[in-house]
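Inspection log for the structure reproduced underneath, given as structure tokens.
Residue numbers begin at 1 in each chain, while the letters A, B, ... track the order of the sequences.
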2 protein chains.
Amino acid sequence: MLELRLVQGSLLKKVLEAIKDLVTDANFDCSATGFSLQAMDSSHVALVSLLLRSEGFEHYRCDRNISMGMNLNNMAKMLKCAGNDDIITLKADDGSDTVTFMFESPTQDKISDFEMKLMDVDSEHLGIPEAEYHAIVRMPSTEFARICKDLSSIGDTVVISVTKEGVKFSTSGDIGTANVVCRQNTTVDKPEDATIVEMNEPVSLTFALRYFNSFTKGTPLSNTVTISLSSELPVVVEYKIAEMGHLRFYLAPKIEEDDEEK
Amino acid sequence: MLELRLVQGSLLKKVLEAIKDLVTDANFDCSATGFSLQAMDSSHVALVSLLLRSEGFEHYRCDRNISMGMNLNNMAKMLKCAGNDDIITLKADDGSDTVTFMFESPTQDKISDFEMKLMDVDSEHLGIPEAEYHAIVRMPSTEFARICKDLSSIGDTVVISVTKEGVKFSTSGDIGTANVVCRQNTTVDKPEDATIVEMNEPVSLTFALRYFNSFTKGTPLSNTVTISLSSELPVVVEYKIAEMGHLRFYLAPKIEEDDEEK
DNA sequence: TTGTATTGGA
DNA sequence: TCCAATACAA
């Protein structure tokens with residue numbers, strides 16, 4: 001028996017909007033610790049990792065560990081039927097091959113339940129080692145999204161270079177080249193507007209922009225985004241989910257010697 | 001060496017949005033006087049004329065007259081990467097075949113530079129004689145845009161008739177006919193809401209509506225539009241650019257005896 | 001709450 | 001290619 005009651009149901013809606021374009025099918029893993037997901041994107045290049053800790057739920061009952069395979073597009077379709085202020089309760093009976101989403105309007109005047117078939121999804125649960133990163137950049141999530149979108153109108157790849165002074169995003173394409181420099185900047189009115197660079201070693205890595213533009217679908221989840229970089233390691237783009245956990249995206253850098261795939 | 005610093009960068013963004021659909025490639029001409037462009041539309045029927053006077057720039061350095069050929073779609077793409085509050089600086093070194101757009105965010109925390117290749121563009125710099133017009137109509141630019149859009153759902157051509165009382169826009173098509181009359185009207189709260197008709201002689205001219213619907217892309221540049229008409233002369237549709245200059249569109253009237261081109 | 005920007009559809 | 005509906009920002 002599984003029953004998870006999430007008062008701020010919009011969080012789950014946003015999470016699905018953020019990952020459904022990247023991952024089509026995935027297993028949600030429930031344990032006493034929380035509700036989590038780990039999946040490769042459909043092209044098997046990027047990794048998505050979601051954690052919603054049990055403490056973040058108003059009610060969290062998970063009798064035994066369970067893994068539920070879902071089609072994320074279908075799940076997103078159902079969650080779209082929940083109001084943004086609705087309380088969402090996720091239920092599954094032991095041994096059932098379905099999951100039920102219940103939506104309660106704030107006034108309790110409208111109660112909906114949507115039942116969705118579960119599916120078998122191959123899961124390769126990759127252990128992600130905790131790593132020390134050469135550089136960690138925190139910046140407003142909207143600004144990061146804007147930069148990724150702008151640069152992708154010029155080129156296909158982005159070079160992210162971090163120095164003490166700040167972080168530089170560069171690209172080049174047929175019509176020209178572009179560089180966007182964000183200076184470290186902590187003297188802002190609101191702390192979420194700050195751009196903070198923690199750097200142990202300068203680092204400069206190249207990535208495919210199209211994945212970044214998928215990652216930035218996570219923007220509605222948090223005002224800030226954290227980008228962790230080390231040479232040779234996948235970059236981590238993390239959106240904190242208030243009081244509950246995080247949504248993280250991992251993407252391996254392009255190696256210089258790589259030819260452009262076309 | 002060329003360096004033009006425009007504090008209100010959104011102006012340049014709007015200018016490019018206004019002309020990029022009409023003209024694909026054009027030469028920007030820089031002289032001590034200002035930054036200007038003159039180009040025929042791709043079907044060689046309408047003429048676009050832009051002037052941004054040097055006094056309107058915060059900093060204007062143009063060592064020698066220079067003509068820079070640009071693909072306006074590519075230039076618009078790059079300018080879209082500037083924030084609306086950004087300061088835009090346009091730079092070109094002597095003899096260089098590229099131009100650089102620099103965008104500074106208001107807080108100076110984000111500095112971007114975009115480099116674009118220049119191109120050779122055939123330019124036929126037509127002298128546009130200053131003319132006396134039979135009638136000059138000034139009206140709210142949004143109203144003019146609305147009329148052009150509305151009429152183009154009925155017919156392909158518009159007859160603009162100016163009398164002392166006001167201006168009439170007429171069209172007819174398969175499904176019927178339409179007349180929109182705007183009366184001279186200066187008793188309004190805001191001066192930009194006025195419709196003013198200066199008329200020496202009544203005039204009635206016919207134009208292809210599709211060009212007018214391109215011209216009205218200039219609407220964001222100014223609250224008012226000025227339409228200058230004389231029989232036998234191209235109409236001038238002018239959007240003033242505050243403190244800097246203007247964007248003008250010229251279109252020859254259809255002659256009554258003309259068959260419909262199709 | 002309004003106006004604007006973006007996205008999806010015709 | 002253009003327009004409408006929607007989502008977002010001011």
Please report, rounded to the nearest Å, how far the [atom2] atom of [N] is from the [atom1] atom of [X].
X        : N     : atom1 : atom2 : result
B/Lys77  : C/dT6 : NZ    : P     : 15 Å
A/Asn213 : C/dT6 : CG    : C1'   : 14 Å
A/Lys149 : C/dT6 : NZ    : C1'   : 8 Å
B/Lys80  : C/dT6 : NZ    : P     : 7 Å
B/Lys217 : D/dC2 : NZ    : C1'   : 8 Å
A/Glu17  : D/dC8 : CD    : P     : 10 Å
B/Leu79  : C/dA5 : CG    : P     : 15 Å
B/Asp21  : D/dC2 : CG    : P     : 6 Å

Is any side-chain N of the basic residue among B/Glu104 and B/Arg5 closer than 4.0 Å to the acidic one's carboxylate O?
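Looking at B/Arg5 together with B/Glu104, the answer is yes, because their closest N to O distance falls below 4.0 Å.
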Name the closest nucleotide to the A/Thr142 side chain, picking from D/dA9, D/dA4, C/dT6.
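Shortest atom-to-atom distance from the side chain points to D/dA9.
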Considering only side-chain heavy atoms of B/Asn84, which listed nucleotide, D/dA9, C/dT6, C/dA5, is closest?
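For B/Asn84, the side-chain atoms sit closest to C/dA5.
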Ring centres under 6.0 angstrom apart (A/Phe144, A/Phe215)
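Centroid distance A/Phe144-A/Phe215: not below 6.0 Å, so no.
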So, do A/Thr177 and B/Phe114 sit near enough that their side-chain heavy atoms are less than 4.5 Å apart?
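A side-chain contact under 4.5 Å is absent here.
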Between the side chains of A/Asn179 and A/Ser170, does any donor sit under 3.5 Å from an acceptor?
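Present: a donor and an acceptor within the cut-off.
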